[in-house]
J.: 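Questions regarding the structure given below will be posed in turn.
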Amino acid sequence: MTFSWRRRRGKITAIAHEIELTIPTHFRCPISLDLMKDPVTLSTGITYDRDSIEKWIDAGKVTCPVTNQVLRNFDLIPNHSIRRMIQDWCVANKSHGVERIPTPRIPISRYEVSEICARLVAAARCADAAKLQDLILRTRNSAKESEHNKQCIAANGFGSALAESFESLAQFSAGDNENLIKLILSALTWSFPADQDGISRLKSAVSLRSIARLLKAEDDLSSRQNAVCVLRELISAEQGGIAIDGVMGIEGVEEALFQIVKVPICPKATKACLVVINYMIEKDENTALRLVQLGLIPFVLEILVDGDKSVCEKALAVMDAICNSEQGRESANENALTVPLLVKKILRVSDAATELAVSTLWKLCLGEKESALVEAVQLGAFQKLLVALQIGSGERFKDKLTDLLKLMNLFRDKLDCFDSSMGFKYLKRSN
């Protein structure tokens with residue numbers, strides 16, 4: 001017979017026959033008071049469920065929850081005896097619908113991760129493809145098993161070992177180790193180095209050239225996606241810096257990034273590409289001009305048409321950066337979709353998107369661009385800007401908001417599509 005169960009702390013109730021089973025005290029976690037699924041023992045000798053005690057330690061607690069003693073270490077030793085007793089109890093109560101808890105996998109330790117890192121670097125130096133693939137695959141599978149494993153792998157240098165291996169292989173000719181480089185690049189997308197040593201290895205000239213080469217591999221979509229994702233992580237990790245300078249100095253990178261926007265690989269790659277492009281444009285105005293000449297603006301606007309919140313914010317950031325230059329503003333004004341899409345995104349996506357849309361519109365309307373201003377007002381920009389000012393969502397960019405509203409006031413005699421008198425009374429009060 002199948003039972004439906006209702007759980008309470010320390011008890012399990014079968015709803016069908018109202019059979020109530022009390023969980024033995026020593027089978028219950030002292031923190032959650034629920035049946036332990038993976039009992040582990042601290043240095044104080046008290047046993048807890050792994051998930052509960054890990055959350056306790058992750059919260060910054062350094063004492064044992066039961067004894068309040070300061071922990072000598074944070075090692076969690078599996079209590080196999082209690083676990084087997086719990087499993088036997090579950091089996092004994094199977095007729096009441098209690099399911100046997102599975103035997104948990106032993107989580108990876110920092111010592112195991114350190115050993116894997118050493119073996120990974122050694123395999124890369126010997127260009128041992130089989131060993132590299134086996135180490136990366138086993139580590140990835142371990143990371144997928146639990147959040148604990150994922151954090152342990154990230155905190156103990158696996159990403160840095162990947163970066164060192166990548167740099168080591170990148171020093172050889174491309175054809176010799178291309179598949180190994182692609183394998184490590186793929187691993188870097190889910191285990192990016194968190195320390196400065198690993199990041200430094202990835203932003204070295206030889207590493208950046210290898211990443212750029214894979215970014216330009218037209219017949220390998222997977223490698224292009226991995227390359228742009230790793231570039232995004234690398235550039236974001238140091239807010240541009242040396243990495244962006246190194247990337248911009250490699251011939252063909254701009255065209256490769258443009259192709260990812262023009263012919264999307266996947267949403268993840270598009271977002272990463274927009275982030276990299278934004279950093280490049282903000283760093284160098286000439287890069288912005290070259291990307292505009294390649295035809296970037298129409299494709300960025302196309303992304304804005306039906307993109308989600310995240311991609312819209314990134315696309316608007318690119319448009320805002322493009323409009324920092326006069327040529328960029330002229331190219332944006334020439335596209336019939338620019339102003340309508342900017343107005344549409346105000347108050348429709350997020351506060352960040354509204355700020356970027358207003359900033360871009362402000363840049364387009366400066367310099368006596370009467371056509372852009374008139375079009376924006378006809379599309380309802382005045383009302384939206386006034387609402388943004390009234391509700392306080394535009395506090396960070398209030399100056400640009402008020403500038404735009406004042407510009408619209410200058411053209412009120414030419415525009416008969418709205419009555420601005422009430423709005424500008426409020427504008428005067430807000431100043």
Side-chain angles (χ1 to χ4, degrees), residues 154 159 182 185-194 199 202-203 208 211-212 214-218 220-241 243-244 247-248 250 253-284 287-288 290-292 294-324 328 332 337-338 341-342 344-346 348-357 359-360:
K182 290 179 181 179
L185 187 70
S186 176
L188 283 166
T189 61
W190 56 266
S191 185
F192 193 80
I199 292 172
L202 285 178
K203 68 183 183 184
L208 287 176
I211 295 172
L214 294 174
L215 185 68
K216 295 182 283 185
E218 296 181 4
D220 191 342
L221 295 180
S222 178
S223 292
R224 290 172 64 202
Q225 176 185 332
N226 292 334
V228 75
C229 288
V230 169
L231 267 184
R232 188 268 312 276
E233 294 294 336
L234 180 59
I235 292 171
S236 299
E238 57 170 19
Q239 297 294 310
I244 194 69
V247 171
M248 291 168 61
I250 300 173
V253 168
E254 293 158 1
E255 290 80 0
L257 292 169
F258 169 71
Q259 286 300 321
I260 293 177
V261 176
K262 181 180 178 181
V263 186
I265 300 172
C266 68
K268 182 179 179 181
T270 300
K271 292 174 186 178
C273 187
L274 289 171
V275 171
V276 175
I277 287 175
N278 186 45
Y279 273 111
M280 292 175 65
I281 290 175
E282 289 183 343
K283 187 79 173 180
D284 180 33
T287 299
R290 286 192 292 271
L291 286 167
V292 168
L294 286 171
L296 180 66
I297 290 177
F299 296 105
V300 174
L301 293 174
E302 187 177 331
I303 290 171
L304 282 173
V305 172
D306 56 0
D308 61 24
K309 174 186 171 182
S310 178
V311 77
C312 277
E313 289 175 350
K314 292 171 176 60
L316 285 167
V318 170
M319 287 298 299
D320 187 48
I322 286 174
C323 290
N324 284 330
L337 284 176
T338 301
L341 283 172
L342 291 174
K344 180 181 178 181
K345 296 303 174 182
I346 296 173
R348 287 282 296 272
V349 180
S350 65
D351 287 346
T354 295
E355 179 178 358
L356 290 165
S359 176
T360 308

J.: The criterion is side-chain contact (heavy atoms from CB on, under 4.5 Å); which residues satisfy it with Ala317, sequence neighbours excluded?
T.: Asn278, Leu356

J.: Can you check side-chain contact (heavy atoms from CB on, under 4.5 Å) on Leu215 and Ile260, steps first, answer last?
T.: CA-CA 9 Å; Leu215 185 68; Ile260 293 177; 3.8 Å; yes

J.: Just to verify, what does Phe192 make a ring pair (Phe, Tyr, Trp, His ring centres under 6.0 Å) with, not counting sequence neighbours?
T.: none

J.: Should Gln259 and Arg224 count as side-chain neighbours, where that means a heavy-atom distance under 4.5 Å?
T.: yes

J.: Which atom names give the shortest non-hydrogen contact between Ala269 and Val228, and what distance separates them?
T.: O-CG1, 3.9 Å

J.: With a 4.5 Å heavy-atom cut-off, do Thr189 and Val230 have their side chains touching?
T.: yes

J.: Using every non-hydrogen atom in the two residues, find where Thr338 and Ala332 come nearest and quote the distance to one decimal.
T.: OG1-O, 2.6 Å

J.: What pair of heavy atoms forms the shortest contact from Ile250 to Lys216, and how long is it?
T.: CG2-NZ, 4.3 Å

J.: Side-chain contact test, heavy atoms from C-beta onward, threshold under 4.5 Å: evaluate it for Asp284 versus Arg290 and give yes or no.
T.: yes

J.: Is there a side-chain contact between Lys182 and Asn226 in this structure, where contact means two heavy atoms from C-beta onward sitting under 4.5 Å apart?
T.: no

J.: When rounded to the nearest 0.5 angstrom, what is the spacing between CG in Leu342 and SG in Cys323?
T.: 7.5 Å

J.: If a pair satisfies ring-ring contact (aromatic ring centres under 6.0 Å, His included) and one of its residues is in residues 295-321, list it, with sequence neighbours excluded.
T.: Phe258-Phe299

J.: Would you say the side chain of Val261 lies within less than 4.5 Å of the side chain of Ile303, judging by non-hydrogen atoms?
T.: yes

J.: A side-chain contact here means heavy atoms from C-beta on lying under 4.5 Å apart; do Ile297 and Met319 qualify?
T.: yes

J.: Salt bridge (charged side-chain N to carboxylate O under 4.0 Å, His left out) with Glu282: which residues, sequence neighbours excluded?
T.: none

J.: What heavy-atom pair brings Cys312 and Gly307 nearest, and what distance separates the two atoms?
T.: SG-O, 3.3 Å

J.: Does any non-hydrogen side-chain atom of Leu202 lie less than 4.5 Å from one of Leu188?
T.: yes

J.: Does Leu304 offer a backbone N or O that forms a donor-acceptor pair with the side chain of Lys345 under 3.5 Å?
T.: yes

J.: So, applying side-chain contact (heavy atoms from CB on, under 4.5 Å) with Ile322, which one of Ile281, Ile277, Leu291, Thr360 is it?
T.: Ile281

J.: Could you list the residues that satisfy side-chain hydrogen bond (donor to acceptor under 3.5 Å, both in side chains) with Ser223, not counting sequence neighbours?
T.: Asp220

J.: Measure the spacing between CD of Glu233 and CG of Leu231 and express it to the nearest 0.5 Å.
T.: 10.5 Å

J.: Any salt bridge (charged side-chain N to carboxylate O under 4.0 Å, His left out) pairs touching residues 297-322, not counting sequence neighbours?
T.: Lys271-Asp308, Asp320-Lys363

J.: To the nearest 0.5 Å, how far apart are CG in Leu185 and CD in Gln225?
T.: 10.5 Å

J.: Working to the nearest 0.5 Å, report the span between CG of Leu234 and OH of Tyr279.
T.: 11.0 Å

J.: Would the distance check show the side chain of Ser236 and the main-chain N or O of Arg232 forming a donor-acceptor pair, the cut-off being under 3.5 Å?
T.: yes

J.: Evaluate the side-chain proximity of Thr354 to Val349: yes if any heavy-atom separation is below 4.5 Å, no if none is.
T.: no

J.: Quick check for you: to the nearest 0.5 Å, what is the distance between Leu316 atom CG and Leu301 atom CG?
T.: 9.5 Å

